[in-house]
Asker: 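Sending over a structure as structure tokens; questions will come in a sec.
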Amino acid sequence: PILYSYYRSSCSWRVRIALALKGIAYDQVPVNLLKDGGQQFSAEFKALNPMKQVPALKIDGIILSQSLAIIHYLEETRPNPRLLPQDPKKRAQVRMISDHIVSGIQPLQNLSILERMGEKKMEWAQHCITSGFQALEQILQHTAGRYCVGDEVSMADLCLVPQVFNAERYKVDLAPYPTITKINKALLELEAFKVSHPSRQPDTPAEMRA
């Protein structure tokens, strides 16, 4: 498999965690979202993903984009370890939390949006993440064990950790979200989350390397 990824992209990070958890070896091709006006806009990359976004994954003779679509494919073709619980209620909760982050928070503070916000980009990012985290904290108080849903790592956790990283990057006060903070801390102790971290990628700038 070949993963087209950017070290700081939260969508790419979700997929890197899934690949690491499932023990899938892959090659990584960095796509720098800032260099040369954004390498995702190149004709070469547009042929891989017409949406001009990372990640894209070449695997099993197909090219997939959209992080959750990729994770669902990996789950169906390489089911161990499981990232979606067998119990229908828990599975629905995992999907709900994942969608809450992937549709309700992350796109609103994405690079393409923030570039249009000009001087207000920090304020806008903080607003979007804070309103999302207020809801997420409430949800997690009902679903969490050690992780987002019970004590097993799930797709929801793959979405949570990169979003907390974004929150810290945009200087969001995390004190009001003890459940989010506790889960994030527990997840960052796991090897799959460490090796996939933005500070440890081939395209990580030297000053940001772990």
Side-chain angles (χ1 to χ4, degrees), residues 1-59 63-71 73-74 83 98 101-102 105-115 117 121-122 125-126 128-129 153 155-172 174 180 183-185 187-210:
I2 301 172
L3 179 68
Y4 296 82
S5 170
Y6 179 56
Y7 78 102
R8 207 163 55 186
S9 151
S10 51
C11 305
S12 299
W13 189 1
R14 293 170 201 148
V15 174
R16 294 197 301 259
I17 301 165
L19 291 164
L21 283 167
K22 290 179 178 289
I24 301 165
Y26 63 95
D27 292 323
Q28 204 170 146
V29 175
V31 179
N32 193 310
L33 304 187
L34 303 174
K35 202 174 168 189
D36 311 323
Q39 293 174 348
Q40 70 275 28
F41 300 117
S42 70
E44 186 188 10
F45 187 73
K46 213 157 74 173
L48 289 170
N49 183 8
M51 278 295 279
K52 306 182 281 281
Q53 295 169 336
V54 289
L57 182 69
K58 261 188 195 177
I59 190 168
I63 297 165
L64 292 170
S65 57
Q66 296 300 332
S67 60
L68 291 201
I70 294 170
I71 292 165
Y73 178 75
L74 297 176
L83 295 177
S98 301
I101 296 166
V102 169
I105 305 177
Q106 190 270 330
L108 300 173
Q109 49 91 113
N110 203 5
L111 179 65
S112 58
I113 301 290
L114 293 183
E115 281 177 345
M117 295 308 294
K121 69 179 179 183
M122 183 70 92
Q126 288 173 347
C128 296
I129 296 168
V153 174
M155 184 168 72
D157 299 299
L158 278 55
C159 299
L160 181 81
V161 167
Q163 187 56 58
V164 175
F165 179 84
N166 284 349
E168 289 171 336
R169 208 174 131 215
Y170 295 118
K171 300 180 170 48
V172 171
L174 295 175
I180 291 174
I183 295 167
N184 183 65
K185 187 169 180 246
L187 288 163
L188 285 173
E189 289 169 5
L190 303 177
E191 187 60 21
F193 287 79
K194 288 179 185 174
V195 298
S196 58
H197 194 278
S199 63
R200 293 178 63 177
Q201 301 315 302
D203 56 331
T204 305
E207 69 274 12
M208 291 186 67
R209 287 199 168 274

Asker: Looking only at non-hydrogen atoms, find the nearest pair between S42 and Q39 and report the distance.
Answerer: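 Looking at all heavy atoms of both residues, the shortest contact is OG-O, 3.0 Å.
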Asker: Could you state the interatomic distance from CG (L158) to CZ (F193), rounded to the nearest 0.5 Å?
Answerer: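 Those atoms lie 5.0 Å apart.
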Asker: Where do I113 and L108 come nearest, in terms of heavy atoms and distance?
Answerer: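 For I113 versus L108, the nearest heavy atoms are CG2-O, 3.4 Å.
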Asker: Run the side-chain contact (heavy atoms from CB on, under 4.5 Å) test on K121 and Y170 for me, step by step, so that the C-alpha distance in whole Å, both residues' side-chain angles and the decisive distance to 0.1 Å come before the verdict.
Answerer: CA-CA 9 Å; K121 69 179 179 183; Y170 295 118; over 6 Å; no
Asker: Please find the pair of heavy atoms, one from C159 and one from P162, that lie closest to each other, and give the distance.
Answerer: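 Shortest heavy-atom contact: O-CD, 3.5 Å.
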Asker: Going through the distances and angles, do N49 and I63 end up as a side-chain contact (heavy atoms from CB on, under 4.5 Å)?
Answerer: CA-CA 8 Å; N49 183 8; I63 297 165; over 6 Å; no
Asker: Rounded to the nearest 0.5 Å, what's the gap from CG on L74 to CD1 on I59? Could you check?
Answerer: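 So the CG of L74 and the CD1 of I59 are separated by 5.0 Å.
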Asker: Identify every side-chain donor-acceptor pair in residues 23-34 under 3.5 Å, counting partners at least two apart or on other chains, and give the distances.
Answerer:
residue	atom	partner	partner atom	Å
Q28	OE1	S5	OG	3.4
Q28	NE2	Q201	OE1	3.3
N32	OD1	L34	N	2.9
N32	OD1	K35	N	2.9

Asker: Less than 4.5 Å apart, any side-chain heavy atom of Y7 and any of P205?
Answerer: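 In short, these two side chains touch, coming nearer than 4.5 Å.
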Asker: Considering non-hydrogen atoms only, spot the tightest contact between P107 and I101 and give its length.
Answerer: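 Of all heavy-atom pairs spanning P107 and I101, the closest is CD-O, 4.0 Å.
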Asker: Is Q106 close to Q109 at the side-chain level, that is, under 4.5 Å between some pair of heavy atoms?
Answerer: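 Side chain of Q109 against side chain of Q106, heavy atoms only: contact under 4.5 Å found.
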Asker: Compare every heavy atom of C11 with every heavy atom of V54, then report the nearest pair and how far apart it is.
Answerer: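 Nearest pair, atom of V54 first, then C11: O-CB, 3.9 Å.
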Asker: Rounded to the nearest 0.5 Å, what separation is found between the CD atom of Q53 and the CZ atom of F45?
Answerer: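 Between Q53 CD and F45 CZ, I get 8.5 Å after rounding to 0.5 Å.
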Asker: Does a sphere of radius 6.0 Å around NZ in K22 hold more than 12 heavy atoms from other residues, nucleotides or ligands, not counting ones at 6.0 Å or beyond?
Answerer: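 Enclosed: over 12 neighbouring heavy atoms sit under 6.0 Å from NZ of K22.
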Asker: Any chance you could lay out the side-chain contact (heavy atoms from CB on, under 4.5 Å) test for W13 and I17, step after step, and finish with the verdict?
Answerer: CA-CA 6 Å; W13 189 1; I17 301 165; 3.5 Å; yes
Asker: For the OH atom of Y4 and the OG atom of S9, what is their distance to the nearest 0.5 Å?
Answerer: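 These two atoms lie 15.5 Å from each other.
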Asker: Side chains of L57 and P1, heavy atoms from C-beta outward: is any pair under 4.5 Å?
Answerer: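 SC-SC contact between L57 and P1 confirmed.
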Asker: Any side-chain heavy atom of I105 within less than 4.5 Å of one from N166?
Answerer: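 Heavy-atom side-chain distance check fails, nothing below 4.5 Å.
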Asker: With a 4.5 Å limit on heavy-atom distance, are the side chains of Q40 and Y6 in contact?
Answerer: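 Answer no - side chains too far apart.
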Asker: Pairs in or reaching into residues 43-53: which pass salt bridge (charged side-chain N to carboxylate O under 4.0 Å, His left out), with residues at least two apart or in two chains?
Answerer: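 Checked against salt bridge (charged side-chain N to carboxylate O under 4.0 Å, His left out) - neighbours excluded - no pair reaches residues 43-53.
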Asker: Does a side-chain heavy-atom distance below 4.5 Å link D157 with L190?
Answerer: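 Of all side-chain heavy-atom pairs linking L190 with D157, none is under 4.5 Å.
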Asker: Which value, rounded to the nearest 0.5 Å, describes the distance between N110 atom CG and C128 atom SG?
Answerer: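 Reported value, rounded in 0.5 Å steps: 11.0 Å.
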Asker: Measuring from atom CG of L188 to atom CD1 of I183, what distance do you get when rounded to the nearest 0.5 angstrom?
Answerer: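 Separation between the atoms: 12.0 Å.
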Asker: Which pairs, with at least one residue in residues 188-203 and sequence neighbours excluded, count as a salt bridge (charged side-chain N to carboxylate O under 4.0 Å, His left out)?
Answerer: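 Applying salt bridge (charged side-chain N to carboxylate O under 4.0 Å, His left out) to every pair that reaches into residues 188-203, excluding sequence neighbours, yields R146-E189.
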Asker: For a quick test of reading the model, state the closest non-hydrogen atom pair linking P198 to T204 and the distance between them.
Answerer: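 Scanning both residues completely, I find the closest heavy atoms to be O-OG1, 2.6 Å.
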Asker: As a quick check of understanding, evaluate side-chain contact (heavy atoms from CB on, under 4.5 Å) for L48 and K58, giving each step before the final call.
Answerer: CA-CA 9 Å; L48 289 170; K58 261 188 195 177; 3.7 Å; yes
Asker: For a 4.5 angstrom cut-off between non-hydrogen side-chain atoms, does H197 reach V161?
Answerer: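 No, side chains not in contact.
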Asker: Hey, is the main chain of M155 close enough, under 3.5 Å, to the side chain of R14 for a donor-acceptor pair?
Answerer: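 No, R14 side chain to M155 backbone: no donor-acceptor pair under 3.5 Å.
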